[in-house]
Amino acid sequence: MSSFPRPFAVVVVLALASGCQELPSISDLRLPFSDPEEQVVQNVKAALSGKEGHSRLVGDYIAVRRGLSYYVVEGVGLVTGLDGTGWDDGPPYRELMLEDMRKRRFPRPEEFLRSKTTAIVLVRVFIPPLTKRGDRLDVEVYVPEGSGTTSLRGGTLLECPLTEVAYAPGRGRLQGKVLAKAKGPILDAQVTSAELNAPFLRGQIPGGAVYVGEDRDLSIALQREYANYRMSTRIAKRIGERFYDYDDAGIQRPLAEAKTHSRIDLKVHSRYLDNYPRYLQAIRHIHLSDTPVERNLRMQELAEQLAVGPTAARAAIQLEAIGREAVPYLKTGLKADSLEARFYAAEALAYLGDASGAKVLQEAAEREPAFRVFALAALSATMSPEAVTALLPLLHQESIETRYGAFRALTNIAPNEPSVAPLKIKGEYSLHVIDSQAPPVVHLTQRRKMEVVIFGAEQRLQTPVMLRAGHYILVRSQPTGDRLTVTFIPPGSPEQRREVSTRLVDLLLAMDEFGAQYPDVVQMLIEADRQGNLVGKLAIDELPRAGRVYVRPNTDGRQDHPAESQIGGAGDVPNLFDASDHTQGAVEGPIDPDDPPPADNLGPVGFTVN
């Protein structure tokens, strides 16, 4: 349906003066309005022909809309394994929990809920853009207001279905279909700032939910003054010519499809799955139309701009938007004098599947913090041996964010690379030991995954040691100072002991044998850090960031060549490295791509998500 009202029927009454007078023609009438649909047709004609100052770029005809919102799914869950801090709460959540337990044929549900080792909790997951079936999502767990539960420490969430939820007047809480299933050991959401032994009523499970809904793809919304089928199909055609994949029969399939006069559905090209903001930038710089001669002249001009640092960023993304045809022109940028120009050329080449700029991207990640996050994401995007070769030396950089950023990029493209492959453990988290030559660091994650990375394989705890890991594991140093005793004290069973060296990885493996989960390990490591037992720094989600300022080493005094520039912003972070809190921008339930954008959701990207 059109976004515009249908033309009104117009009745013009003319009062004629006495005598014979000629009636004015319709074209002579100056009506106070015109047919909006006809105006759209004229706008589109002008845009497609490039007349009347109309832009040639697709991005200038897309509605200014950030889109890409997160939305919320919720559920009522059950936590077990508490040390007497749970409570048998009353309505309304108890009835919902009992109903769910009976559906799943849970034995003696009322008796189970009365135990102080269990607690009813509210569970919430924010579904991010481009989520695919089977993706892992972060989980929030919190005790309902008024509950008698005093702490979730040591608790594990049993599998909990999460659904779309709405509240209707007179009908109460309405549930939709199940979109995610959450479970796992609960980590204190404030563990880094709160007292370790204090109770907590709000926790999280990094990567603790599995998405079971339909794949979330993108939709493009056209600006209203250009929204008709001709424009919609032209933009879809141009995007599909640049970005496509292949079906099971090996037939080329465009990734854009015009659905209505104002909406185009869009799938993300595989090379951009971990950096969809870059994908959107490339699409915005696709031309509505051009001839081979025009394109060739444009590439020559852009190659000249690419060689100059201050103009290199825009030139590179425009060349990338053209496609493989632009590769030779981008390669000339690898020989530029400035690191800025070389970096932008190498980045664009990476997203075109060309790894010839891998060494430049390695240099940019090492030397310039403003380029680092984008350089690491580009190396990951190439999925090439050259990228692995460039990333491995970065594991030995003194900068923690460089080291961990390189580690994440490596595990994304080469998870079985011996330098970064995880150790085999029983726990529901991954443990990696990196033989790094840089100062020792232990890195933890609070988002996306449960992961411990030890940079420095021979890290040893400094004694004396007296640490707890959860309710039932105690770690003490022996009088000699070169050995540790790990004691497991399960309720109702004899205690078990194991002696290990003070080497950190040996301690974690012994704890794993006794069933330690990620929250137990995090608690122990934070306590060890506070007591001075760790020989190096403890880092948590220390990732490279976008939005830093790049200071150019030389400027020529031109006004269009500023001495410094901010590189990217919050909306440009490659999703490979995005660990920010998106809950403030989330909405309740999936987005209708034909709905108008919310007033507080305006931004530079003209896309939304199904």
Side-chain angles (χ1 to χ4, degrees), residues 70-104 106 109-127 137-176 178-206 208-209 446-447 471 519 523 581-589:
Y70 284 54
Y71 68 86
V72 184
V73 291
E74 300 176 345
V76 178
L78 187 63
V79 172
T80 64
L82 302 177
D83 190 19
T85 57
W87 192 261
D88 184 14
D89 290 313
Y93 301 116
R94 190 178 196 275
E95 283 72 13
L96 292 172
M97 191 72 253
L98 283 172
E99 181 182 353
D100 182 64
M101 294 171 76
R102 287 168 184 147
K103 285 180 181 178
R104 294 198 252 178
F106 205 101
E110 292 88 351
E111 179 181 338
F112 197 80
L113 291 182
R114 284 195 292 269
S115 171
K116 288 194 175 183
T117 63
T118 66
I120 295 173
V121 294
L122 302 182
V123 184
R124 181 169 62 181
V125 164
F126 291 86
I127 309 293
L137 306 170
D138 292 340
V139 180
E140 290 187 2
V141 180
Y142 50 101
V143 174
E145 186 176 352
S147 170
T149 297
T150 57
S151 179
L152 296 177
R153 185 171 304 284
T156 296
L157 177 69
L158 301 183
E159 185 174 85
C160 173
L162 304 173
T163 66
E164 306 164 70
V165 177
Y167 295 89
R171 301 178 63 187
R173 188 175 188 269
L174 303 177
Q175 287 183 299
V178 174
L179 294 181
K181 295 181 179 179
K183 66 175 183 178
I186 304 170
L187 179 68
D188 188 349
Q190 303 296 325
V191 71
T192 59
S193 58
E195 290 296 326
L196 289 175
N197 294 322
F200 71 86
L201 303 178
R202 187 185 188 94
Q204 58 195 35
I205 310 173
Q446 283 191 289
R447 295 187 183 277
H471 294 313
Q523 175 193 345
D581 184 356
H582 297 275
T583 60
Q584 296 301 316
V587 297
E588 294 182 0

Side-chain donor or acceptor of His471 paired with backbone N/O of Leu82 under 3.5 Å: no
What pairs with Tyr142 under side chain to side chain contact (heavy atoms under 4.5 Å, CB included), at least two apart in sequence or on another chain? Leu122, Arg124, Arg202
Partners of Asp88 by salt bridge (charged side-chain N to carboxylate O under 4.0 Å, His left out), sequence neighbours excluded? Arg94
Should Glu164 and Val72 be marked as a side-chain contact (heavy atoms from CB on, under 4.5 Å) after you check the CA-CA gap, both sets of side-chain angles, and the distance that decides it? CA-CA 7 Å; Glu164 306 164 70; Val72 184; over 6 Å; no
Leu179 side, atom CG; Leu162 side, atom CG - distance, nearest 0.5 Å: 8.5 Å
Tightest non-hydrogen contact, residues Ala189 and Gln446, listed as O-NE2, 3.9 Å
Minimum heavy-atom separation for Ala119 and Thr149, please, with both atom names. CB-OG1, 3.4 Å
Separation between CG of Leu98 and CZ of Phe106, rounded to the nearest 0.5 Å: 10.5 Å
Is there a side-chain contact between Val121 and Leu157, using heavy atoms and a 4.5 Å cut-off? yes
Would Gln204 and Val141 count as a side-chain contact (heavy atoms from CB on, under 4.5 Å) here? Give the steps. CA-CA 6 Å; Gln204 58 195 35; Val141 180; over 6 Å; no
Out of Ile127, Thr163, Leu137, Val123, which residue meets the side chain to side chain contact (heavy atoms under 4.5 Å, CB included) rule with Val73? Ile127
Does the gap between the ring centers of Phe126 and Tyr71 come in under 6.0 Å? no
Pick one: which of Leu201, Asp188, Thr85, Val143 meets side chain to side chain contact (heavy atoms under 4.5 Å, CB included) with Leu152? Val143
Search all heavy atoms of Gly203 against all heavy atoms of Ile186 and return the closest pair with its distance. CA-CG2, 3.8 Å
Contacts of Glu111 that satisfy salt bridge (charged side-chain N to carboxylate O under 4.0 Å, His left out) - sequence neighbours left out: Arg108
Could you tell me which residues satisfy salt bridge (charged side-chain N to carboxylate O under 4.0 Å, His left out) with Glu95, sequence neighbours excluded, listed by chain and number? none
Heavy-atom pair of closest approach, residues Arg153 and Phe200: CA-CE2, 3.3 Å
With Ser115 via side chain to side chain contact (heavy atoms under 4.5 Å, CB included) - residues at least two apart: Thr117, Thr118
List the residues meeting side-chain hydrogen bond (donor to acceptor under 3.5 Å, both in side chains) with Asp89, not counting sequence neighbours, and say none if there are none. Ser147
Just jot down the side chain to side chain contact (heavy atoms under 4.5 Å, CB included) partners of Lys183, sequence neighbours excluded, or say none. Glu159
Sequence neighbours left out, what passes side chain to side chain contact (heavy atoms under 4.5 Å, CB included) with Pro519? Give chain and number order. Pro185, Leu187, Gln517
Closer than 4.0 angstrom, basic N to acidic O: yes or no for Arg114 and Glu110? no
Taking C-beta and beyond as the side chain, do Val125 and Glu74 meet within less than 4.5 Å on heavy atoms? no
Value rounded to 0.5 Å, distance of CH2 in Trp87 from CD1 in Ile120: 13.0 Å
Report the residues that fulfil salt bridge (charged side-chain N to carboxylate O under 4.0 Å, His left out) with Arg104, sequence neighbours left out, ordered by chain and then residue number. Asp100
